[in-house]
Amino acid sequence: MRFRIGFDPDDRKKVHDYWDEIFTTQQWTEGKFTAMFEEKWAAWNGLPAHSFGSWSGAALTALEFFKVKGKIVLCPSNTFMATPLSVVKAGARVEFVDCNREDLCLSFEDLKRKVERFKPAAVWVVHIGGHIAFEIEEISRFCKERRIVLLEDCAHAHGASWNGRKPGSWGEAGIYSFYATKTITTGEGGILVSANKDLQEFSKQSRNYGKPDFTVEGLNYRINEFAAALGVVQVDRMADIVAWKKAYAEKHLDPKFPNRVKFPEGMISGYYKYIIFDPVEKSTGKVYDQPCHKIMNRDDELPNTDWVAKNHWCVPLYYKGE
Ligand SMILES: Cc1ncc(COP(=O)(O)O)c(C=O)c1O
């Protein structure tokens, strides 16, 4: 199966029609399609949604809103460098937490130790591979009790759910990426979901240079109308993409790969990746082969993270791939 963007060729006409409309109206940014994209995303996610030009802009917005500057933010090491770098760029200090071998996501056990040691202001949890972190309930309860801000990096988690509950709803905010390799994509883009009304208001200003009153020191993190129109079409297609990947995985891959990430009862993965723990000839490689603490030359002891980096592989699984 060769890499294929999660886009149904049947949707081309719809995208072209929307783009024609944008050419006609001359509204290339801050228009109808940005609003529609957010409404549709919010309807799927069950939370108000604010679009951005990338995951990064949304992440910086959330970190700034929660005033982490000068404080400590915990982050898994088994993630893309975007997650720890968002902390650095927000002016905070990043400290790393180990992951579990079963789900590749933040370890609750190590989180408790690191909270005790570092007294963080915030914690990033990353839903690696398209499923939801198996310990998200415990992590969320623990952070709430200690008034630690929990942020969910949902860059891989499009279309996922656990007993109907969607990523981004356990923390104070969830942030998705629509980068070109993701389950659904707008080429470049991001979205922030949150029930926090003040953060919603802050997001609108942060992505737009603090307009209208410039009390927020925002920059340009806006999405454009062409990408947003693609997003509108993609959100409508998301259930189909995830259902296709799930059916393919269950029929063709699960019987072949018993030594894989196995989801708990009631969890549906978005299947950004299909992760196994044995080497396989036809593989797309690792989700991440270098843990962030190694890239950043830290000397943390994170045994599960090191184990995961060495012992997992991804089997190709692309929407309508062959
Ligand atoms: C876990 C994770 N977080 C953040 C990002 C950053 O997203 P973006 O490229 O939209 O800024 C990515 C991937 O691109 C990612 O995989």
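These numbers were taken from a predicted model, which means no experiment stands behind them. One-based numbering, in listed order, for ligands and for the atoms of each.
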Just to confirm my output: which protein heavy-atom neighbour is closest to [atom], and how far is it?
{"atom": "atom 12 (C) of ligand 1", "value": "Phe80 CD2, 3.5 Å"}
{"atom": "atom 10 (O) of ligand 1", "value": "Ser177 OG, 2.7 Å"}
{"atom": "atom 16 (O) of ligand 1", "value": "His156 NE2, 2.9 Å"}
{"atom": "atom 3 (N) of ligand 1", "value": "Asp153 OD2, 2.8 Å"}
{"atom": "atom 15 (C) of ligand 1", "value": "Ala155 CB, 3.5 Å"}

Mind telling me whether [Y] and [X] have parallel, tilted or perpendicular rings, with 30° and 60° as the class edges?
{"X": "Trp41", "Y": "Tyr176", "answer": "perpendicular"}
{"X": "Trp19", "Y": "Phe226", "answer": "perpendicular"}
{"X": "Tyr221", "Y": "Phe52", "answer": "tilted"}

Sub-3.5 Å N/O-N/O distance, [X] and ligand 1:
{"X": "Lys182", "answer": "yes"}
{"X": "Tyr179", "answer": "no"}
{"X": "Ser54", "answer": "no"}

Classify the side-chain pair [X]/[Y] by whether it contains a donor and acceptor separated by less than 3.5 Å.
{"X": "Glu188", "Y": "Ser54", "answer": "no"}
{"X": "Asp8", "Y": "Tyr319", "answer": "yes"}
{"X": "Ser194", "Y": "Glu172", "answer": "no"}
{"X": "Trp124", "Y": "Thr79", "answer": "no"}
{"X": "Asp98", "Y": "Thr305", "answer": "yes"}

* **Tyr288 neighbourhood, listing ligand 1 atoms whose heavy-atom distance to it stays under 4.0 Å** =>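 By the 4.0 Å cutoff, the relevant atoms are 1 (C), 15 (C), 16 (O).
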* To do: Taking only heavy atoms of Thr79 into account, list the atoms of ligand 1 that are under 4.0 Å away from them.
  =>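 Atoms satisfying the 4.0 Å criterion: 1 (C).
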* If you count the non-hydrogen atoms of other residues, nucleotides and ligands that lie under 6.0 Å from NZ in Lys67, is the total more than 12? ->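 It does not: Lys67 NZ has 12 such atoms or fewer within range.
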Please verify whether a non-hydrogen atom of [X] lies at under 4.0 Å from ligand 1.
{"X": "Gly189", "result": "yes"}
{"X": "Phe52", "result": "no"}
{"X": "Glu188", "result": "no"}
{"X": "Gly190", "result": "no"}

* Asked: Nearest heavy atom to atom 5 (C) of ligand 1: which of Pro84, Ala82, Cys154, Ser56 does it belong to?
  ->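 It is Ala82 whose heavy atom sits nearest to atom 5 (C) of ligand 1.
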* Asked: Any Lys/Arg nitrogen of Glu109 or Lys112 sitting under 4.0 Å from an Asp/Glu carboxylate oxygen of the other?
  ->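 Salt bridge absent between Glu109 and Lys112.
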